[in-house]
There are 2 protein chains.
Amino acid sequence: MADSQHDAPAVTARLDDFLCFSIYAAEHAFSRTYKPLLAELGLTYPQYLVMTLLWEEDDQSVGQLGAKLSLESSTLTPLLKRLEAEGRLTRHRDKQDERVVRVKLTSAGDKLRERAAKIPACILSATGMSLDELGKLREQIIQLTKRLEEAS
Amino acid sequence: MADSQHDAPAVTARLDDFLCFSIYAAEHAFSRTYKPLLAELGLTYPQYLVMTLLWEEDDQSVGQLGAKLSLESSTLTPLLKRLEAEGRLTRHRDKQDERVVRVKLTSAGDKLRERAAKIPACILSATGMSLDELGKLREQIIQLTKRLEEAS
DNA sequence: AACGATTAAATCGTGTACGACTAATTACCG
DNA sequence: CGGTAATTAGTCGTACACGATTTAATCGTT
């Protein structure tokens, strides 16, 4: 009443109507669901994402990891240093191009992969969704992300 | 072999296959899309979420805001103090119950709502999706979030 | 070979985000 | 009525996350 004259849309949209907010909330929910599982491995959620990339393909540069995660070196460098201090990986300048730092798993980091292997199944069951549903939803979200990135 | 009795799936799942990662990436993409729009108003993304809640309903407690955003007081208190320092809102102990702090918009904070009104439309166009598609996607993500919260 | 432009990481400052703990207030129960 | 439990914010320590800047190395052009 007070905030809409004639057929004008509401001046203030409800936060619950925002797609961005549902994603914000889902991100937190995922992070909280992973937390106890990852705590057993001594990893945080972003650290787990980095380790997953390295388990997939070892010996990547900081820049490669950053491109895949959409993270700046200002975020990755301290994160990688923590993982290095804990003996999960090593960081060394590339001999061919001294500007790039190559990140490699240690044997301890590689071994962690086995202990982490059960996690995806735990999360899957927490979502209560089928692999098929999950895949479709993922595709839609990836599409959305692409559009947002193009628009900026 | 070691980790499944029948025909074994890959030992390491690809990060791109993780729904959680698509959401992680979408959250960042939204945040980056909002950033330039919000910068004009002098707000960060989480601050904007709080302001939206207050534009929707003024005079809420820290606890109410935290429940809606799934944020702890340890996150909200500093955020609210910054908004208070910038003159967007006030924080005062409730007279009836001195444990609770009530958050109210200042007139400057209320006025900001008009300048923020155009933002949802900007974001909508950045997604390139119809309101209908957006709504359906939002519902699916909310469902997913509920399941994750129940599972923990 | 030389030097300006570009690139890759790292550093710094600000702002979330959370868990564990503390302080103050209120509610509850015998 | 009084003491204990529960509730509400706030503080502290750790860890992302980003923009702006810096440093070092390489590339491109002449």
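Numbers restart at 1 for each chain; the letters A, B, ... are given by sequence-line order, proteins then strands.
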J.: B:Q64 near the nucleic acid: base, sugar-phosphate alone, or nothing, with a heavy-atom cut-off under 4.0 Å?
T.: nothing

J.: Give the rounded distance in Å between these two atoms: CD of A:Q96 and C1' of D:dA25.
T.: 14 Å

J.: Checking all strands, does A:R91 fall into the base, sugar-phosphate, or nothing category for heavy-atom contacts under 4.0 angstrom?
T.: sugar-phosphate

J.: Check the interface with nucleotides 17-20 of chain D: list each N/O to N/O pair with the protein under 3.5 Å, or write none.
T.:
unit_1: D:dA17; atom_1: OP2; unit_2: B:Y24; atom_2: OH; d: 2.6
unit_1: D:dC18; atom_1: OP1; unit_2: B:R32; atom_2: NH1; d: 2.4
unit_1: D:dG19; atom_1: O6; unit_2: A:S74; atom_2: OG; d: 3.0

J.: Quick check: does any side chain N or O of A:T77 sit under 3.5 Å from a backbone N or O of A:S74, one acting as donor and the other as acceptor?
T.: no

J.: Within this structure, what is the CG-to-P distance between A:L38 and D:dA15, rounded to whole angstrom?
T.: 15 Å

J.: Looking only at heavy atoms, which two atoms of A:A29 and B:T145 are closest? And how far apart?
T.: CB-CG2, 3.8 Å

J.: List in chain and number order the residues that pass salt bridge (Lys or Arg N to Asp or Glu O under 4.0 Å) with A:K136, two or more places apart in sequence or in another chain; answer none if no residue qualifies.
T.: A:D132

J.: Has the side chain of A:T75 got a donor or acceptor atom that lies under 3.5 Å from a matching backbone atom of A:L71?
T.: no

J.: Heavy atom of residues 82-89 of chain B under 4.0 Å from DNA chain C: which residues?
T.: B:R82

J.: Tell me whether B:Q60 contacts the main-chain N or O of B:L53 through its side chain, where contact means a donor paired with an acceptor under 3.5 Å.
T.: yes

J.: Sequence neighbours excluded and cut-off under 3.5 Å, please list the side-chain donor-acceptor pairs for residues 99-108 of chain B, or say none.
T.:
unit_1: B:R99; atom_1: NE; unit_2: B:D97; atom_2: OD1; d: 3.1
unit_1: B:R99; atom_1: NE; unit_2: B:D97; atom_2: OD2; d: 3.4
unit_1: B:R99; atom_1: NH2; unit_2: B:D97; atom_2: OD2; d: 2.8
unit_1: B:R102; atom_1: NE; unit_2: B:D59; atom_2: OD1; d: 2.8
unit_1: B:R102; atom_1: NH1; unit_2: B:D94; atom_2: OD2; d: 3.4
unit_1: B:R102; atom_1: NH2; unit_2: B:D59; atom_2: O; d: 2.9
unit_1: B:T106; atom_1: OG1; unit_2: B:G87; atom_2: O; d: 2.6
unit_1: B:T106; atom_1: OG1; unit_2: B:R88; atom_2: O; d: 3.1
unit_1: B:T106; atom_1: OG1; unit_2: B:A108; atom_2: N; d: 3.4
unit_1: B:T106; atom_1: OG1; unit_2: B:G109; atom_2: N; d: 3.0

J.: Suppose we screen for salt bridge (Lys or Arg N to Asp or Glu O under 4.0 Å). Which residues come up paired with A:D58, at least two apart in sequence or across chains?
T.: none

J.: Does A:Q47 have a side-chain nitrogen or oxygen under 4.0 Å from the phosphate oxygens OP1 or OP2 of D:dA15?
T.: no

J.: Taking salt bridge (Lys or Arg N to Asp or Glu O under 4.0 Å) as the definition, give me every residue that meets it alongside B:E57, ordered by chain and number, with sequence neighbours left out.
T.: B:K68

J.: Suppose we screen for ring pair (Phe, Tyr, Trp, His ring centres under 6.0 Å). Which residues come up paired with B:Y48, at least two apart in sequence or across chains?
T.: B:Y34

J.: Among all residues two or more places apart in sequence or in another chain, which pass the side-chain contact (heavy atoms from CB on, under 4.5 Å) test with B:S70?
T.: A:R32, B:E149

J.: Using residues 115-129 of chain A as the side-chain source, report each donor-acceptor pair under 3.5 Å to any protein atom, sequence neighbours left out, with the distance given to one decimal.
T.:
unit_1: A:R115; atom_1: NH2; unit_2: A:E40; atom_2: O; d: 3.0
unit_1: A:S125; atom_1: OG; unit_2: A:C122; atom_2: O; d: 3.1
unit_1: A:T127; atom_1: OG1; unit_2: A:L124; atom_2: O; d: 2.6
unit_1: A:T127; atom_1: OG1; unit_2: A:M129; atom_2: N; d: 3.3

J.: Between which nucleotides of DNA chain C, read 5' to 3', does contact with chain B run, using atoms under 4.0 Å from its heavy atoms?
T.: C:dG15 to C:dT26

J.: I'd like to check the salt bridge (Lys or Arg N to Asp or Glu O under 4.0 Å) partners of B:D17; sequence neighbours left out, ordered by chain and number.
T.: none

J.: Run the salt bridge (Lys or Arg N to Asp or Glu O under 4.0 Å) test on B:E98 and B:R93 for me, step by step, so that the C-alpha distance in whole Å, both residues' side-chain angles and the decisive distance to 0.1 Å come before the verdict.
T.: CA-CA 5 Å; B:E98 295 266 350; B:R93 293 274 166 192; 5.5 Å; no

J.: Using a cut-off of under 3.5 Å, enumerate the N/O to N/O pairs linking the protein to nucleotides 3-8 of chain D.
T.:
unit_1: D:dT7; atom_1: O2; unit_2: B:R99; atom_2: NH1; d: 3.3

